Amino acid sequence: MAHDEAPRRPQPVRGMQDFLGEQADRFDHVVSRFQDVARRFGFRPVHVPVLEHTHVFARSLGETSDVVAKEMYSFADRSGDSLTLRPEFTAGIARAYVSEGWQRFGTLKLFAHGPLFRYERPQKGRYRQFHQVDAEVIASPSPLADVELIAMADTLLRELGIGEGVTLQLNTLGDAESRAAWRAALVGHFAAHRDALSEDSRRRLEANPLRILDSKDPADRALVERAPGIGAFLTAAAGRFFEAVCRGLEASGVAFVETPKLVRGFDYYRHTAFEFVTDRLGAQGTLIGGGRYDGLIEAMGGPPTPAVGWAGGIERLMALAAAPPPPGVDVAVVAECPEAEHEALRIAQALRSAGCSVVAPFQGHARKRAEAAARAGSRAILYVRDPGQTPASVNLVDRSRDAGSAGRLAAIRARLPHPYGTPTGALPGSLPGSLSGPERSPARNDGDGRA
RNA sequence: GCGACCGUAGCUCAAUUGGUCAGAGCACUGGUUUGUGGUACCAGGGGUUGCGGGUUCAAGUCCCGUCGGUCGCCCCA
């Protein structure tokens with residue numbers, strides 16, 4: 001069923017969203033907080049394509065995973081190659097690592113963000129084009145890499161104001177040997193009670209038996225309770241690794257809950273698996289999820305390379321994050337009359353070059369422009385008078401009326417071009433950080449800024 | 001892919017049991033008020049009630065389909 005006709009009013013493609021205003025601000029806020037935290041942890045940016053050859057995802061995520069089996073946006077390009085819009089970050093980054101020979105850089109700590117695509121039924125916190133922030137540590141076998149990564153995720157959540165109501169669930173899937181033994185035991189356990197399983201879980205038994213462990217079906221729950229845990233199948237080395245991750249998190253001050261039934265959706269995961277979950281987002285409660293994928297890069301054709309990573313849903317994070325600082329600008333430049341138009345432009349450009357954020361409303365007369373300035377959140381308005389008069393003059397007016405206004409006005413005045421600037425020419429600090437200036441009694445009206 | 005609910009001006013909503021019900025506020029445009037803590041007043045543009053079909057003397061109001069949204073299942077960040 002294709003729907004190519006253009007309706008009278010165009011609709012976005014199903015599951016795709018348009019962001020403007022507060023929504024767009026919140027989105028950018030999550031990304032900028034993430035980038036800031038990542039850099040403070042010593043991570044570097046990485047950019048990889050949105051399109052990959054289909055097999056990059058098909059092989060690494062597991063042919064039987066739902067994402068590969070029925071949720072990928074795959075198509076043949078004009079040369080007939082099968083390409084896929086990335087449904088996740090890790091496989092593409094692993095592919096790039098192999099393609100570009102990045103093993104020459106030793107351990108890499110990388111972060112990325114951007115759009116992902118999955119053909120799913122849209123729902124709260126789930127969209128067909130969605131966005132993630134992503135972090136990976138590649139080529140480190142140390143449990144301390146897992147610890148640092150998880151601590152970084154924890155820091156991000158805190159700085160977004162999402163501390164409370166979120167719990168970190170932690171588990172280990174063991175190494176390849178442990179995982180295979182556990183999986184076989186689970187299949188044995190559930191197959192023995194096949195009749196009691198829900199229809200969905202009988203299907204999972206073939207495709208992805210670990211997933212039965214987080215079934216919501218009440219009938220399944222009873223069987224899950226009696227299912228074998230990973231513990232009995234853990235090799236000594238895998239047990240020590242998990243222990244080191246737990247002790248490291250405690251030392252880092254990151255609270256977690258051991259969750260033996262926690263599993264991951266993709267085949268490539270080994271050892272550490274974790275999710276930051278909340279009950280405040282309905283059914284899509286995972287904010288950040290990740291784990292270790294030691295076998296993936298080798299399976300991709302690269303050298304044996306241990307790695308860990310996580311991804312967080314931006315739409316989910318922005319739904320819970322504290323409101324970002326209100327958008328605004330330092331000053332609006334308003335021409336009083338048509339004759340002042342060009343002088344206003346000159347002043348606006350000079351102020352921007354000096355580091356001020358400036359809007360210059362261009363619709364309607366001075367009255368309308370002042371209203372537009374208010375709408376833009378400008379903290380001050382600079383009225384520009386007819387420059388044909390002598391002396392030329394401007395009137396700088398405060399809008400915000402808070403304690404820092406006097407300092408802000410002084411900082412703007414100091415950045416005005418000739419002949420309006422402060423005679424002394426002293427620049428009180430740099431913008432915009434110091435634009436708040438020293439605390440003083442608020443100057444209501446700065447009077448006539450004649451130079 | 002399955003289920004439930006929903007779809008009226010750009011936005012938020014109104015319209016008695018299907019019968020002058022196509023409206024209000026905000027937004028937008030123009031004007032007036034010499035300007036500043038989102039000033040007030042006047043005027044104006046704008047809707048084939050998502051789309052298509054059906055029932056009826058009559059449908060925004062009922063039925064079917066379709067597209068989209070919301071929530072749940074499933075899946076996952």
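Lettering follows sequence order; numbering is per chain, from 1. All values derive from a computational prediction rather than experimental measurement. All heavy atoms count here, side chains included; hydrogens, waters and symmetry mates do not.
Below 30°, between 30° and 60°, or above 60°: for A:F27 and A:F19 the angle between ring planes is between 30° and 60°, a tilted geometry. Between A:H55 and A:H53, the ring planes are parallel. Angles under 30° get that label, and only those over 60° would be called perpendicular.
For the pair A:M16 CE and B:G69 C1', the interatomic distance rounds to 15 Å; values are reported in whole Å. Rounded to an integer number of Å, the gap from A:Y127 OH to B:U70 P is 6 Å. Between the CZ atom of A:R128 and the C1' atom of B:C76 there is a distance of 15 Å, rounded to whole Å. Look at CG on A:D18: it is 12 Å from P on B:C11, rounded to the nearest Å. Distance CZ (A:R385) to P (B:U34): 16 Å, rounded to an integer number of Å.
For RNA chain B, runs of at least 3 consecutive pairs of the Watson-Crick or G-U wobble type, with both hydrogen-bonding distances under 3.5 angstrom, map to B:1-7 with B:67-73, B:10-13 with B:23-26, B:28-32 with B:40-44, B:50-54 with B:62-66.
Each of A:V13 and A:G312 was assigned the nucleotide of RNA chain B with the nearest heavy atom; the assignment lying further toward the 5' end belongs to A:V13. When each of A:Y383 and A:R118 is assigned the nucleotide of RNA chain B with its nearest heavy atom, A:Y383 is the one assigned upstream, toward the 5' end.
One P atom belongs to B:C5, the other to B:C62, and the distance between them is 12 Å to the nearest Å. Comparing B:G30 with B:G69, their C1' atoms are spaced 36 Å from each other, to the whole Å. Taking atom C1' on both B:G50 and B:G3, the two are 22 Å apart, rounded to the nearest angstrom. When the P atom is used for both B:G23 and B:U49, the distance is 13 Å, rounded to whole Å.
Checked by atom type and distance alone, the side chain of A:E315 pairs as donor or acceptor with a backbone atom of A:H131 at under 3.5 Å.
When every heavy atom of A:G15 is checked against every heavy atom of A:Y127, the shortest pair comes out as O-CB, 3.3 Å. Nearest heavy-atom pair across A:G291 and A:F274 is N-CE2, 3.7 Å.
Interface remark: the A:R121 side chain does not form any donor-acceptor pair with the B:G72 base, using a distance-only criterion of under 3.5 Å. One donor-acceptor pair, N or O on each side, does fall under 3.5 Å between the base of B:C75 and the side chain of A:R126. You won't find any donor-acceptor pair under 3.5 Å spanning the side chain of A:R211 and the base of B:C76, going by distance alone. Taking 3.5 Å as the limit, the base of B:A77 and the side chain of A:R264 contain no donor-acceptor pair of atoms between them.
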What are the atom names and distances for every N/O pair under 3.5 Å that joins the protein to nucleotides 25-27 of chain B?
none

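For A:Q284, no side-chain nitrogen or oxygen approaches OP1 or OP2 of B:C75 to under 4.0 Å. Using a 4.0 Å cut-off, some side-chain N or O of A:K216 falls inside it from OP1 or OP2 of B:C73.
Taking a 6.0 Å sphere around CZ of A:R221, one finds it holds more than 12 heavy atoms contributed by other residues, nucleotides or ligands. In this structure, A:E225 places its CD atom where more than 12 heavy-atom neighbours from other residues, nucleotides or ligands lie under 6.0 Å away.
No engagement by A:G21 is indicated, since no non-hydrogen atom pair under 4.0 Å with the nucleic acid exists.
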